[in-house]
Amino acid sequence: MSMNHQEIQEKWQRFWEENQTFKAEGPSSKKPKYYVLDMFPYPSGAGLHVGHPLGYIASDIMARYKRLQGYNVLHPMGFDSFGLPAEQYAIQTGQHPKITTEVNADTYRKQLKKIGLSFDWSREFKTSDPSYYRWTQWIFLQLFNLYYDVELKKASPISHLQKHFALYGSKDNHAFNGHELSFTPHEWKQYSSKQQEDILQKVRLVYQDYQTVNWCEALGTVLANDEVKEGLSVRGNHSVVQKKMMQWNLRITAYAERLLHYPSDIHWPKALMEMQQNWIGRSQGLELTFSTELKENLDVFTTRPETLYGVTFMVVAPEHPLVQRVKGNKELQEFLQYVGRRSERERLSEKNYKGVFLGFHATHPLTKKKIPIYTSEYVLMNYGTGAVMAVPGHDERDKAFAEEHQLPIISVIDEKTQSLINSENLNGLSIEEATKEIIKLAEEEEGFGKSSIQYKLRDASFSRQRYWGEPIPVYFKEGIPTLIEEKDLPLELPDVDEYLPTSDGRPPLARAKNFHYKNHPLEVSTMPGYAGSSSYFLRFMDPHNQDAFLSLEAMRYWQEVDLYVGGSEHATGHLLYSRFWNMVLFDLGIVEKENPFKKIVNQGMILGKSSLLYRTKEGKTFVTAEKKDEFDTVPLHVDISLVDPVTHKLDIENFKKWRSEYASYDFILNENKDYICGQIVEKMSKSFYNIVSPDTIVQEYGADTLRLFEMFLGPIDASKPWNQGSIEGPYRFIQRVQRLFLDDKGNLIVTKEVATVEEKKILHKTLKKIAHDIEKFSFNTAVGQLMIFVNEMYKLSCHKEEILKPFLLCLSSFAPHLCEELLEKLGEKDLRFMSYPAWDEELTQENTFELPVSFNGKRRFSMEVPLNITQDEVMNLLQKDDRFTHQITGKTIKKIIFVPQKILNIVIS
RNA sequence: GCCCAGUUGGUGGAAUUGGUAGACACGCUAGGCUUAGAACCUAGUGGAGCAAUCUGUGGGGGUUCAAGUCCCUCACUGGGCACCA
């Protein structure tokens with residue numbers, strides 16, 4: 001009789017809770033620290049499916065393993081609880097999102113505990129708790145009071161800059177973006193408070209500005225670039241248009257260069273870093289000034305300075321200021337109207353480059369030729385200078401435009417020799433030499449340009465016209481955005497009668513009564529979803545501190561997240577914003593490390609297997625999968641609980657009950673009179689009826705089996721379908737482990753016998769391999785090793801405590817409930833006071849090995865030899881071996897390759 | 001279009017980084033136990049062949065004594081970016 005996993009789970013989960021087993025020690029701990037963090041979830045109404053815990057289980061194994069290794073492990077969990085679904089539910093039902101959030105978080109917490117995850121729940125918070133978002137708002141205050149100093153390369157207090165302005169005006173200021181300012185100290189003093197603030201807004205790290213934003217009418221809010229895909233909102237697929245609005249923004253562009261660099265001790269997946277680097281999109285080039293027939297010059301940015309002689313026309317974005325200078329050009333007006341009508345999406349998909357000549361010219365800085373200036377959609381206002389020097393000879397888009405408008409195309413680089421042609425005195429130079437030469441000309445001799453670096457990264461929009469988010473701690477004093485005082489934080493989210501925008505289109509917070517501060521109106525937009533998640537990992541270090549965001553002791557002790565587990569989809573969102581906030585806090589001396597996450601592991605997605613019925617297009621009939629091609633059918637998702645997971649046979653009776661509208665339908669069956677469903681692998685989703693809940697698995701097989709199974713599915717970072725059939729393996733393994741310790745009646749059969757060398761060797765090799773696999777995050781092979789160990793014990797009929805007890809410690813990170821129970825039966829009180837067994841290095845080594853012997857690269861046989869055998873010794877042995885003499889009879893040995901401990905290859909002819 | 005990752009039995013996946021494939025598990029086959037079934041235990045299991053042996057890591061080519069692993073090329077799958085000058 002095997003133990004009841006339900007009972008054991010409940011027993012130990014209660015034990016852990018009562019004894020606060022996983023509570024991390026404070027910063028005064030003498031132990032070394034290890035901080036393992038999971039990307040905390042948004043608690044949705046659907047609860048967890050088996051895909052969610054994949055990363056949690058992996059990080060939990062690491063946390064438990066590190067505890068056994070003697071580390072003080074911080075392994076917290078919380079909830080990213082601000083967000084759209086709760087708000088939309090509130091709009092529909094009138095229920096306060098706080099309540100929805102609470103209920104959903106409770107469900108999540110319960111589900112997570114059932115899996116036996118060793119979180120320190122004493123540190124839990126939700127981002128929507130006022131006691132937490134107080135500190136999110138506090139960081140907003142910091143950002144508001146900072147500018148980025150390009151000389152010091154760090155954030156600095158805005159008060160320094162104010163002093164500079166009063167003494168020297170805008171001259172020689174080192175503020176990022178400060179070059180746009182131009183005033184004397186006298187003028188500064190004459191400015192009104194409002195005018196001064198308008199200037200400061202141009203340099204603050206969080207600032208208000210009219211911005212062309214991604215406005216989603218259907219969601220009634222502004223979206224960040226990464227929340228929009230191909231002109232549609234990522235959430236809900238609603239259409240998104242460009243609109244000018246007064247918005248709060250984060251000046252993340254100031255940190256573009258610093259965000260590009262990672263310290264050498266950081267271990268992130270390569271793909272993740274590349275994604276971030278592409279997103280930041282640094283390009284080095286030359287900014288050139290072309291004089292025009294108007295008063296204004298035209299600045300362009302190019303990464304190909306060497307093609308300067310190939311410029312035959314200029315193109316500026318339709319939004320470029322130069323375009324507005326043109327008056328009374330009917331064709332241009334029509335064109336601008338046409339552009340204005342088009343959505344972002346249409347503009348991007350356009351491959352025929354329409355454009356209009358503006359009616360005047362620029363002068364080429366070297367040839368002094370007149371170059372016509374055009375405007376076209378393919379040039380973007382928000383990259384570089386919003387204007388390009390067109391080189392149709394070497395740029396596809398410029399070429400397409402030139403062909404469309406019959407403009408000359410000059411080739412300046414010979415394709416064969418890769419050297420310059422048609423470029424006057426540059427002719428014959430290599431691309432590299434020519435680039436240098438042009439830069440020299442531009443910067444020094446002729447002075448028409450300077451080296452420049454451009455980034456694709458844009459400032460991040462920080463306003464949302466939404467209710468369920470952190471209120472922005474700003475009020476408007478005579479129209480001047482002013483911070484509320486730190487002592488008055490948190491600025492709590494007010495109650496409203498409805499969660500919709502007002503009739504005049506203002507955000508829901510505008511509905512709140514008395515939403516004022518010192519009799520002035522408060523900001524009514526709220527922070528975006530990423531605000532709450534951009535510093536939560538720091539707050540976990542010191543979650544109950546009422547006086548500070550993070551105490552000095554906690555910061556010095558915990559330093560950074562050692563291991564961060566989560567999905568790679570956060571590469572350009574959460575992970576980038578978090579690094580940015582962390583860098584600002586680093587500049588302020590509030591955090592110890594410039595980068596917050598030392599190692600990141602991206603877990604893959606567990607996909608669902610959906611079942612499909614095939615309905616004929618006309619007629620009320622379903623066709624079995626084998627015969628679906630004989631009919632014209634449309635697929636229909638059916639709940640996987642109605643389908644046999646192995647045979648894919650449909651339970652027709654229950655299907656008809658599930659969907660009564662199909663009760664009268666006919667079923668065309670196969671030869672065996674069965675209806676077989678089609679299968680496809682896709683994301684687990686409510687709407688596909690393919691969700692497998694961890695709760696049912698835990699109930700049927702136990703939490704330990706679930707944990708082992710999820711780890712055994714494959715590499716942690718791979719996406720893989722949930723394949724329920726193979727859960728039997730880990731389930732049997734758990735049973736087999738039990739049977740090593742207990743007989744059918746549940747009596748302990750473990751003996752105190754002394755272990756043999758062979759048994760010890762197996763144990764110590766396992767201990768070593770498992771430790772290595774865990775460190776390498778190779779959990780699937782680790783589980784394999786555990787299984788091999790148990791198989792070996794069966795073969796040897798070994799029930800010796802000396803061997804089995806250390807094995808339990810090794811297993812306990814994977815299957816904690818079972819191991820606690822068995823260890824208790826062996827007289828151990830509490831896993832907390834035990835440690836991962838040290839292995840004897842000598843016992844893990846073999847002193848002989850199987851040397852493969854091959855001839856001409858073909859393996860013929862192998863022989864057991866001592867580890868350190870020499871080539872001569874091997875050859876001596878071989879002379880006496882029939883298998884060798886047989887092979888070389890009548891042949892000559894041309895060459896012998898002997899690689900110690902690897903192979904002996906004999907080349908014969 | 002560009003960048004990255006991948007392609008190994010019926011299935012999920014191993015392979016000490018160039019050392020002679022397929023660990024572990026599922027499934028399947030046979031046997032044992034059982035009145036029977038379930039569970040469990042034992043053995044087998046890439047393909048072909050009675051066998052020796054041959055052949056095999058998406059296709060083609062190459063480097064090497066030796067290639068799943070390195071190079072070139074093509075195909076496919078997944079992910080990211082995409083008028084970024």
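We name chains A, B, ... by the order of the sequence lines, and we start the count at 1 in each one. Because the structure is predicted, anything quoted here is derived from the model rather than measured.
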Side-chain N,O (Arg732(A)) to OP1/OP2 (rA39(B)) below 4.0 Å: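 For rA39(B), neither OP1 nor OP2 has a side-chain N or O of Arg732(A) closer than 4.0 Å.
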Step-by-step side-chain contact (heavy atoms from CB on, under 4.5 Å) determination, Met684(A) to Val692(A): CA-CA 8 Å; Met684(A) 272 198 195; Val692(A) 181; 4.1 Å; yes
Residue Thr781(A), side-chain heavy atoms: nucleotide from rG19(B), rA14(B), rC54(B) that is nearest: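 Of the options given, the side chain of Thr781(A) lies nearest rA14(B).
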From rC65(B), rC4(B), rC41(B), nucleotide with atom closest to Ala271(A) side chain: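 Selected nucleotide: rC4(B).
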Spacing of [X] atom [atom1] relative to [N] atom [atom2], expressed in whole Å:
X	N	atom1	atom2	result
Asn723(A)	rU11(B)	CG	P	12 Å
Gln738(A)	rA39(B)	CD	P	17 Å
Leu904(A)	rC65(B)	CG	P	16 Å
Lys609(A)	rG12(B)	NZ	C1'	9 Å
Glu728(A)	rC28(B)	CD	P	11 Å
Gln276(A)	rG79(B)	CD	P	20 Å
Tyr731(A)	rG27(B)	OH	C1'	19 Å
Trp722(A)	rA25(B)	CH2	C1'	15 Å

Between [M] and [N] - [atom1] atom distance, rounded Å:
N	M	atom1	result
rU77(B)	rG58(B)	C1'	11 Å
rA67(B)	rG56(B)	P	12 Å
rC50(B)	rU63(B)	P	38 Å
rA39(B)	rU55(B)	C1'	40 Å
rG1(B)	rC54(B)	C1'	46 Å
rU16(B)	rA21(B)	C1'	14 Å
rA14(B)	rA23(B)	P	13 Å
rA52(B)	rC33(B)	C1'	39 Å

Touch class at under 4.0 angstrom, heavy-atom based, for Lys456(A) against every strand present: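 Contact class for Lys456(A): base.
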Test side-chain contact (heavy atoms from CB on, under 4.5 Å) applied to Met314(A) and Tyr374(A), step by step: CA-CA 6 Å; Met314(A) 313 287 282; Tyr374(A) 283 75; over 6 Å; no
Option among Gln785(A), Gln845(A), Glu846(A) that satisfies the side chain to side chain donor-acceptor pair (under 3.5 Å) test with Lys765(A):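 Of the listed options, the one satisfying the test is Glu846(A).
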Side-chain touch Met381(A)/Val316(A), heavy atoms, less than 4.5 angstrom: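 Side chain of Met381(A) against side chain of Val316(A), heavy atoms only: no contact under 4.5 Å found.
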Base rC81(B) paired with Asn278(A) side chain (donor-acceptor, <3.5 Å):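 Answer no: no donor N or O sits under 3.5 Å from an acceptor.
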Anti versus syn assignment for rU17(B), with syn defined as within 90° of 0: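 That one's syn.
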Lys NZ or Arg CZ of Arg579(A) over Trp279(A) ring: under 6.0 Å, within 45°: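 Negative - Arg579(A) is either too far from the ring of Trp279(A) or too far off its axis.
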